[in-house]
Trainee: 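Dropping a structure here in structure tokens format, bear with me for questions.
Below, read A as the first sequence line, B as the second, and so on, with proteins coming before strands; counting in each chain starts at 1.
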Number of protein chains: 2
Amino acid sequence: MIQNLSEHQREDLLEALAQGGQKVTPQREVVYAVLLAKRDHPTVDEVFQRARESMPGLSLATVYNCLETFVGCGLVRQVNHERESTRYCPNLAPHAHFRDESTGRVHDIELPAHVLSTLRSILPNGFETDSIEISFHGHTKNSRTHTSN
Amino acid sequence: MIQNLSEHQREDLLEALAQGGQKVTPQREVVYAVLLAKRDHPTVDEVFQRARESMPGLSLATVYNCLETFVGCGLVRQVNHERESTRYCPNLAPHAHFRDESTGRVHDIELPAHVLSTLRSILPNGFETDSIEISFHGHTKNSRTHTSN
DNA sequence: CTGAGGTTTTGAATCATTCTAAACACCCAC
DNA sequence: GTGGGTGTTTAGAATGATTCAAAACCTCAG
Ligand SMILES: [Mn+2]
Ligand SMILES: [Mn+2]
Ligand SMILES: [Zn+2]
Ligand SMILES: [Zn+2]
């Protein structure tokens with residue numbers, strides 16, 4: 001069962017939505033809470049399953065709608081890996097993703113500022129970036145129990 | 001109309017396929033030739049259209065099959081951008097991709113070895129990478145006519 | 001010849017995502 | 001309070017890239 005949003009989190013949600021003239025709704029609260037509760041980069045369907053436990057009437061279409069809205073207002077990032085279902089991530093700090101091919105899990109990898117600028121530096125003149133996506137793909141050696149949240 | 005493969009290119013194809021007990025076929029030659037002819041990261045459908053000009057009976061499924069085979073034997077890379085159709089790239093040198101959101105074009109960005117190692121260095125212990133994908137997304141300022149091939 | 005194995009072809013199936021249209025909810029003006 | 005207007009949610013249909021299944025094809029070794 002999903003925890004309610006903290007005052008602070010609700011504030012973030014409100015603020016992010018407000019700048020596009022959009023409102024906080026019970027559905028959006030639940031979906032956002034699901035993302036914050038377990039930062040394991042769930043798919044739309046996983047978000048749907050988890051959210052339904054708190055709000056049984058919730059529809060899949062609404063989960064799609066909410067997530068799209070969040071991405072639109074910069075509250076959440078989309079994470080794509082090859083041709084798999086899109087996953088969602090509420091971590092706003094600059095980071096890369098590591099996809100463990102044996103477990104299927106996706107881990108956040110912190111991205112230091114100097115790495116980002118090194119990356120930008122490889123672009124020839126005339127290329128103006130608005131986003132960079134970095135994804136690693138591999139295995140994790142044991143010891144990596146890493147219970148993310 | 002697609003040029004035939006050069007001796008050298010045919011050799012690469014033969015060799016790559018051989019290591020998996022697979023053979024050169026007319027369809028595979030045409031599909032590979034299409035990729036080499038215009039390195040603009042075509043989608044399956046674009047490859048299909050272009051290949052059909054040289055080989056009218058060719059089927060879409062075969063194009064899927066050939067491309068999967070090439071990816072399997074490391075002759076070609078798959079390029080994914082967000083949720084769009086998969087694109088294919090015969091450039092085997094380490095490189096990143098830049099997706100120009102106004103034209104939809106995908107450009108290769110050379111990836112110096114030191115950048116690659118900087119990237120690898122951000123992985124915590126226990127993470128073993130077998131591939132890294134880097135994609136930029138943005139616009140290109142004019143002057144960038146850059147007729148790739 | 002003949003059979004085995006890999007390849008190609010067609011058409012159907014899958015499945016994540018998007019679209020459509022109708023029901024809702026909330027807010028403001030009257 | 002009543003009637004709209006506007007954004008939101010819902011169920012279900014539609015889409016579209018990709019995958020699958022099965023039959024026809026080829027090639028080559030025996
Ligand atoms: Mn691998
Ligand atoms: Mn953009
Ligand atoms: Zn993340
Ligand atoms: Zn490329």
Trainee: On DNA chain D, does the nearest nucleotide to B/K23 precede the nearest nucleotide to A/A61 from the 5' side, or the other way round? Give the residue.
Mentor: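 Its nearest nucleotide lies further toward 5', so the answer is A/A61.
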Trainee: Here's one to test your reading of the geometry: is the NZ or CZ of A/R50 within 45 degrees of the ring axis of A/F48 and under 6.0 Å from its centre?
Mentor: no
Trainee: A/F48 CZ to D/dT9 C1': how many Å, rounded?
Mentor: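 Rounded to whole Å, this separation is 12 Å.
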Trainee: State whether the side chain of A/R28 and the backbone N or O of A/K23 hold a donor-acceptor pair below 3.5 Å, judged by distance alone.
Mentor: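 Confirmed, A/R28 side chain pairs with A/K23 backbone.
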Trainee: In this structure, how many angstroms lie between the P atom of C/dT8 and the CZ atom of B/R52, rounded?
Mentor: 17 Å
Trainee: Has A/R83 got a side-chain N or O lying under 4.0 Å from the OP1 or OP2 atom of D/dT18?
Mentor: yes
Trainee: May I ask you to check whether A/R99 and A/S135 show a side-chain donor-acceptor distance below 3.5 Å?
Mentor: no
Trainee: How are the rings of B/H95 and B/H41 set relative to one another: parallel (under 30°), tilted (30 to 60°) or perpendicular (over 60°)?
Mentor: tilted
Trainee: Describe the nucleic acid contact of B/T25 in one word from base, sugar-phosphate, nothing, applying a heavy-atom distance below 4.0 Å.
Mentor: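 The residue B/T25 makes sugar-phosphate contact but no base contact.
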Trainee: With a cut-off of less than 4.0 Å, is there a side-chain N or O of A/Q22 near OP1 or OP2 of D/dT6?
Mentor: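 No.
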Trainee: When we call it a touch if two heavy atoms are under 4.0 Å apart, what does B/N65 touch: a base, just sugar-phosphate, or nothing?
Mentor: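 B/N65: base contact, heavy atoms under 4.0 Å.
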Trainee: In whole angstrom, what separates A/Q78's CD from C/dT17's P?
Mentor: 8 Å
Trainee: CG of A/L58 versus C1' of D/dT10: gap in Å, rounded?
Mentor: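 About 10 Å, once rounded to whole Å.
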Trainee: Can you tell me how far C1' of D/dA11 sits from CD of A/Q27, to the nearest Å?
Mentor: 14 Å
Trainee: Hey, does A/G57 reach any base, or is it just sugar-phosphate, or nothing, if we go heavy atoms under 4.0 Å?
Mentor: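 Here A/G57 touches the backbone only, sparing every base.
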Trainee: Are A/H97 and A/D108 linked by a side-chain donor-acceptor pair shorter than 3.5 Å?
Mentor: yes
Trainee: Hey, does A/T86 reach any base, or is it just sugar-phosphate, or nothing, if we go heavy atoms under 4.0 Å?
Mentor: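 Sugar-phosphate contact only.
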Trainee: Please figure out whether A/E68 or B/V63 has its closest DNA chain C nucleotide nearer the 5' end.
Mentor: B/V63
Trainee: Whole Å only: how far is the CZ atom of B/R87 from the P atom of D/dT18?
Mentor: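 So the CZ-P distance, B/R87 to D/dT18, works out to 10 Å.
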Trainee: Roughly how many Å is it from CZ in A/F70 to P in D/dT8, rounded to a whole number?
Mentor: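 Atom-to-atom, A/F70 to D/dT8, this comes out as 11 Å.
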Trainee: Counting heavy atoms from C-beta on, name the nucleotide in D/dT18, D/dA11, C/dT10 closest to the side chain of B/S59.
Mentor: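 When the side chain of B/S59 is considered, C/dT10 is the closest of D/dT18, D/dA11, C/dT10.
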Trainee: Can you measure A/N80 atom CG to D/dT18 atom P for me and round it to whole angstrom units?
Mentor: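 Rounding to the nearest Å, CG of A/N80 and P of D/dT18 are 13 Å apart.
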Trainee: With respect to the side chain of A/Y64, which nucleotide from C/dA16, D/dT18, D/dT10 is positioned closest?
Mentor: C/dA16
Trainee: On DNA chain C, check which nucleotide each of A/L60 and B/R28 is closest to and give me the residue with the more 5' one.
Mentor: B/R28
Trainee: Check whether any side-chain nitrogen or oxygen of B/T62 sits under 4.0 Å from OP1 or OP2 of C/dT8, and answer yes or no.
Mentor: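 No, B/T62 has no side-chain N/O under 4.0 Å of OP1/OP2 on C/dT8.
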